[in-house]
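Everything quoted here is computed from the prediction, not taken from an experiment. First the proteins, then the strands, lettered A, B, ... as listed; each starts at 1.
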Protein chains: 2
Amino acid sequence: METQTPDRSHVAELLRQHDIIPTHQRLVIAKALFSRRQHLSADQLLALVNQEHSEVSKATIYNTLNLLEKKGLVREVIIDPDRVFYDTYTIPHHHFFDVDSGMLMDIESEELRVEGLPKLPPGMIQEGVDIVVRIRHQ
Amino acid sequence: METQTPDRSHVAELLRQHDIIPTHQRLVIAKALFSRRQHLSADQLLALVNQEHSEVSKATIYNTLNLLEKKGLVREVIIDPDRVFYDTYTIPHHHFFDVDSGMLMDIESEELRVEGLPKLPPGMIQEGVDIVVRIRHQ
DNA sequence: GTCCATGCAAATAGTTTGCACCCGG
DNA sequence: CCGGGTGCAAACTATTTGCATGGAC
């Protein structure tokens, strides 16, 4: 089940555990992000955070997202040429992408896997595999 | 084997076959693009086209790439948050992405496939599957 | 008081738009 | 001539940088 609007101290603890100083802006951002499992672009997050009154600047949204990614709290998903999504579900998994609406959905199946992967170019190691299934309305 | 620097009339024919009026700018762009199988960003293509003397504007590069994509002559590949790549090899296939250098390589294997794909959300149809294997130096 | 991390205004980079111009009929 | 298609300057949008500020020791 999803966590609903986690309280400040809970989020603060999460940030501290990942070596991030829990400032006011970061708490507001993290609260919005981790209120549920979701995929948000920087712009969507900005709107969400400032919906009541302006609290955080655009630049801080970007910098905080980059920080959270570096610390492993969110994962970048690059599918849409227009914007990067940040996924609050950081365990490796794959995605459905609705090309009409631009919506991104997790593929829950753990059965999903790649078969027949050729050997890598010499001297290279595999860092990860991303599978995106593009879908649209019938 | 790759085609080497196709001549103007050959490229012009290719464009005409795809309902594109072969203007000077488009010929210069298409010649550079289709000289070999490759992955180029708009910026890389701009540099390539204008390396001797400035012949085509940035906007025209973008507009022409969009046109070629619409007409099925190139394929967009979205992997790097910083730029869209255009792939001159339009048959469906997958990619290695070198996260250090930002280089994109085709996966030649036809064995490669996805297993265990769950059923799609109701009312949706599958448009395609993209697999990206992220790799880096050991 | 010093230092370093932080937050944000301003700068930058990638892409699209709107319109002047040109070419074919 | 006239009209539609083209090419590009300028506008726009997403993201990063550089620096003034403020809190911790």
**Report entry** side-chain contact (heavy atoms from CB on, under 4.5 Å) between Ile107(A) and Ile131(A), intermediate numbers included
**Finding:** CA-CA 10 Å; Ile107(A) 294 180; Ile131(A) 304 176; 5.7 Å; no
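Hydrophobic clustering places Val28(A) together with Ile20(A) (ILVMFWY residues linked when any side-chain heavy atoms are closer than 4.5 Å, directly or through intermediates).
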Report each atom pair, protein N/O against N/O of nucleotides 19-25 of chain C, whose distance is under 3.5 angstrom.
none

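Atom CG in Leu67(B) sits about 16 Å away from atom C1' in dT15(C), given to the nearest Å. Between Ile20(A) atom CD1 and dG7(C) atom C1' there is a gap of 15 Å when expressed in whole angstrom units. The nearest whole Å value for the distance from the CG atom in Leu68(A) to the C1' atom in dT6(C) is 14 Å. Distance CG (Asp80(A)) to C1' (dT13(D)): 13 Å, rounded to an integer number of Å. Here dC8(D) presents its P atom at 11 Å from CZ of Arg26(B), a figure rounded to the nearest Å. The distance between atom CD1 of Ile61(A) and atom C1' of dT15(D), rounded to the nearest whole Å, is 13 Å. Between the CG atom of Leu46(A) and the P atom of dT16(D) there is a distance of 15 Å, rounded to whole Å. One interatomic measurement links the two molecules: CD1 of Ile29(B) to C1' of dT6(D), which rounds to 12 Å at whole-angstrom precision.
Distances from the side chain of Gln25(B) to the nucleotides dG5(D), dA5(C), dG7(D) place dG7(D) closest. For Val56(B), the side-chain atoms get nearest to dC8(D) when compared with the rest of dT6(C), dC8(D), dT17(D). Side chain of Asp43(A), nearest nucleotide from dA14(D), dT15(C), dT6(C): dA14(D). Relative to the side chain of Ala59(A), the nucleotides dA5(C), dT15(D), dA9(C) differ in distance, and dA9(C) lies closest.
Between His95(B) and His39(B), the ring-plane angle classifies as perpendicular under the 30° and 60° cut-offs.
Contact annotation: Thr60(A) side-chain N/O to dC8(C) OP1/OP2 distance is under 4.0 Å. Considering only side-chain N and O atoms, Arg83(B) lies nowhere under 4.0 angstrom from the phosphate OP1 or OP2 of dA13(C). Considering only side-chain N and O atoms, Asn66(A) lies under 4.0 angstrom from the phosphate OP1 or OP2 of dT16(D). For Tyr62(A), a side-chain nitrogen or oxygen approaches OP1 or OP2 of dT15(D) to under 4.0 Å.
Contacts of Thr23(A) with the nucleic acid, taken as non-hydrogen atoms under 4.0 Å apart, involve only primed sugar atoms and P, OP1 or OP2. Across all strands shown, Asp82(B) has heavy atoms under 4.0 Å from sugar-phosphate atoms exclusively, and none from any base.
Between the CG atom in Asn63(A) and the CG atom in Leu68(A) there is a gap of 11.0 Å [rounded to 0.5 Å]. In this structure, the separation between OH on Tyr86(B) and CG on Leu33(B) is 10.5 Å, given to the nearest 0.5 Å. Rounded to the nearest 0.5 angstrom, Asn50(A) CG and Ser57(A) OG are separated by 8.5 Å.
The 5' end of DNA chain D is approached more closely, in terms of each residue's nearest nucleotide, by Ser57(B) than by the other of Tyr86(A) and Ser57(B).
Between Arg37(A) and Glu108(A) there is a salt bridge, since a side-chain N of the basic residue sits under 4.0 Å from a carboxylate O of the acidic one. Between Glu55(B) and Lys31(B) no salt bridge is recorded (no basic side-chain N to carboxylate O distance below 4.0 Å).
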